[in-house]
> 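Starting off with a structure, shown below.
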Amino acid sequence: MLTQSHRYRDIEREAVYLQPEKCIPPPAQDFMDKVWFIKDCCGIACAVVTWLLVFYAEFVVIFIMLLPSKDVIYSIINGIIFNILAFLALASHFRAMITDPGAVPKGNATKEFIESLQLKPGQVVYKCPKCCSIKPDRAHHCSVCKRCIRKMDHHCPWVNNCVGENNQKFFVLFTMYISLISLHALLMVALHFLYCFEEDWTKCSSFSPPTTVILLIMLCFEGLLFLIFTAVMFGTQVHSICTDETCLNAPSTQNGDLMELNVDYCGLF
């Protein structure tokens, strides 16, 4: 007995199923349409929160730990390292957010384009009913970006974008720099606590002792949380690159639609 997957594959081999006459090429885009930016409220909020958390860590590290320190060399070296990592993390985040992850052109499932593919008898091609486009291998539809993305790994709300063929390297760099900056912040917090325990709390910070403790504990919690998440994600991304795999590898046959994989998020990032 044929499974649901086999039945839809048999249907897809029929050329009439592609319905090229229903696909109209999209109109010419202006400059603003060519700028890749996903207008998703949740994604924009997550991206803004990411930047604010980095700026908060910057504030605590500089004004709570480094400037009050009596060791000038220690403050200069750690300040330079932390600021370089913070700049690289934010730059990678920005590039991952505004880079086209590999969107398949909309409306390319026209009769002329299908004929140009020179398909062999029995060859299976996939069409996205929402994008009205012929999907390359390992391309999946994202309901947030509203596009089919080549080698889509997942949609990450923290960068307000899909992670795909063209921006995966920026996402990997972002997770690496965030994990490094989190580890660096945790080490400095531990050293600062030891310094404050040995000295007078009123002398180890320009803020009051209760304020200093609260700010350091919040930074410690933030650093630990993001160190775990980004380190795990960095490891999975490196593994995916080495094995040439993604979080999504096969087209979905759910809801009777072989040709569209409607995925929002895969994991926390």
> Tell me, which pairs form a salt bridge (Lys or Arg N to Asp or Glu O under 4.0 Å) where one or both residues lie in residues 156-183, sequence neighbours left out?
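Listed once each, the pairs are Arg150-Glu165.
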> Looking at side-chain heavy atoms only, is the closest gap between Asn167 and Arg95 below 4.5 Å?
no
> So, do Leu90 and Phe55 sit near enough that their side-chain heavy atoms are less than 4.5 Å apart?
yes
> Assess the residue pair Leu186 and Leu227 against the criterion (side chain to side chain contact (heavy atoms under 4.5 Å, CB included)); give the C-alpha distance rounded to whole Å, side-chain angles, the decisive distance to 0.1 Å, and a yes or no.
CA-CA 9 Å; Leu186 287 173; Leu227 173 62; 3.8 Å; yes
> May I have all residue pairs that pass disulfide (SG to SG under 2.5 Å) and include part of residues 164-196, sequence neighbours excluded?
Cys196-Cys204
> Please enumerate all residues that pass side chain to side chain contact (heavy atoms under 4.5 Å, CB included) together with Leu173, with sequence neighbours excluded.
Ser92, Met176, Tyr177
> Using the side-chain hydrogen bond (donor to acceptor under 3.5 Å, both in side chains) criterion, which residues pair with Asn166? Sequence neighbours excluded.
none
> One pair to check against side chain to side chain contact (heavy atoms under 4.5 Å, CB included): Ser182 and Leu224. What are the steps and the verdict?
CA-CA 7 Å; Ser182 300; Leu224 184 62; over 6 Å; no
> Not counting sequence neighbours, which residues clear side-chain hydrogen bond (donor to acceptor under 3.5 Å, both in side chains) with Glu222? List them please.
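Checked Glu222 against side-chain hydrogen bond (donor to acceptor under 3.5 Å, both in side chains); zero matches.
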> Hydrophobic clustering (ILVMFWY, side-chain heavy atoms < 4.5 Å, transitive) - are Tyr195 and Phe207 grouped together?
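No.
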> Would you say Val238 and Leu180 are hydrophobically clustered, going by side-chain heavy atoms of ILVMFWY under 4.5 Å?
yes
> Could you pull out all residues at least two apart from Ile62 that satisfy side chain to side chain contact (heavy atoms under 4.5 Å, CB included)?
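Only Glu58, Leu66, Leu67, Asn83 meet the side chain to side chain contact (heavy atoms under 4.5 Å, CB included) criterion with Ile62.
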> Show the nearest heavy-atom pair for residues Val172 and Thr175, with the distance to one decimal.
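Closest pair (atom of Val172, atom of Thr175, distance): O-OG1, 2.7 Å.
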> What residues, two or more places apart in sequence or in another chain, satisfy side chain to side chain contact (heavy atoms under 4.5 Å, CB included) together with Leu191?
Tyr74
> Is it the case that the side chain of Ser69 and the backbone of Asp71 share a donor-acceptor pair, with hydrogens and angles ignored and the cut-off at 3.5 Å?
yes
> Are Phe82 and Met65 side-chain neighbours, meaning at least one heavy-atom pair lies under 4.5 Å?
no
> Run the side chain to side chain contact (heavy atoms under 4.5 Å, CB included) test against Phe197 and tell me which residues pass, sequence neighbours left out.
Phe193, Trp201
> Please answer whether the main-chain N or O of Gly43 pairs with a side-chain N or O of Asp40 as donor and acceptor at a distance below 3.5 Å.
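Here the side-chain-to-backbone pair exists.
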> Just how far is it from atom NE2 of His141 to atom NZ of Lys146, taken to the nearest 0.5 Å?
8.0 Å
> ring-ring contact (aromatic ring centres under 6.0 Å, His included) between His239 and Phe234: does it pass, once the steps are laid out?
CA-CA 9 Å; His239 177 266; Phe234 174 74; over 10 Å; no
> So do the side chains of Met97 and Trp36 get within less than 4.5 Å of each other, counting heavy atoms only?
no
> Tell me, please, which residues at least two apart from Phe63 pass ring-ring contact (aromatic ring centres under 6.0 Å, His included).
Phe59
> Under a 4.5 Å side-chain heavy-atom rule over Ile, Leu, Val, Met, Phe, Trp and Tyr, are Val163 and Ile98 clustered together?
yes
> Drop me the distance from Cys162's SG to Asp153's CG, to the nearest 0.5 angstrom.
9.5 Å
> Is the number of heavy atoms from other residues, nucleotides or ligands under 6.0 Å of Phe37 CZ greater than 12?
yes
> Can you tell me how far apart CE (Met233) and CZ (Phe171) are? Round to the nearest 0.5 Å.
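Nearest 0.5 Å value for the CE-CZ distance: 5.0 Å.
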> Side chain to side chain contact (heavy atoms under 4.5 Å, CB included) for Met152 and Cys142? Distances and angles first, verdict last.
CA-CA 9 Å; Met152 176 181 171; Cys142 174; 3.9 Å; yes
> Say whether Ile80 and Leu88 are linked into one hydrophobic cluster, either directly or through other cluster members, by side-chain heavy-atom distances under 4.5 angstrom.
yes
> Are Val61 and Leu194 connected in a single hydrophobic cluster, I mean Ile/Leu/Val/Met/Phe/Trp/Tyr linked by side-chain heavy atoms less than 4.5 Å apart?
no
> For the CZ atom of Phe221 and the CG atom of Leu216, what is their distance to the nearest 0.5 Å?
15.5 Å
> Are Ile241 and Gln168 close enough that some pair of their side-chain heavy atoms sits under 4.5 Å apart?
yes
> Just to verify, what does His184 make a side-chain hydrogen bond (donor to acceptor under 3.5 Å, both in side chains) with, not counting sequence neighbours?
Asn78
> Could you give me the CA-CA distance, side-chain angles and deciding distance for Leu85 and Ile178, then say whether side chain to side chain contact (heavy atoms under 4.5 Å, CB included) is met?
CA-CA 8 Å; Leu85 291 175; Ile178 288 295; over 6 Å; no
> How long is the gap from CG on Asn160 to NE2 on His155, to the nearest 0.5 Å?
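Asn160 atom CG to His155 atom NE2 measures 6.0 Å (nearest 0.5 Å).
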> Are side-chain heavy atoms of Leu219 and Leu215 found at a separation under 4.5 Å?
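Heavy-atom side-chain distance check fails, nothing below 4.5 Å.
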> Do any side-chain atoms of residues 47-54 form donor-acceptor pairs under 3.5 angstrom with protein atoms, and if so which ones, sequence neighbours left out?
| from | atom 1 | to | atom 2 | distance (Å) |
| --- | --- | --- | --- | --- |
| Thr50 | OG1 | Cys46 | O | 2.8 |
| Trp51 | NE1 | His93 | ND1 | 2.9 |

> Distance from Trp158 atom CH2 to Cys42 atom SG, nearest 0.5 Å?
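Spacing of CH2 (Trp158) from SG (Cys42) equals 8.5 Å.
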> Do Thr211 and Ser208 get their side chains close enough for a donor-acceptor pair, meaning under 3.5 Å?
yes
> Should Asn161 and Asp100 count as side-chain neighbours, where that means a heavy-atom distance under 4.5 Å?
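They are not in contact (no side-chain heavy atoms under 4.5 Å apart), so the answer is no.
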> Using the side-chain hydrogen bond (donor to acceptor under 3.5 Å, both in side chains) criterion, which residues pair with Thr236? Sequence neighbours excluded.
none
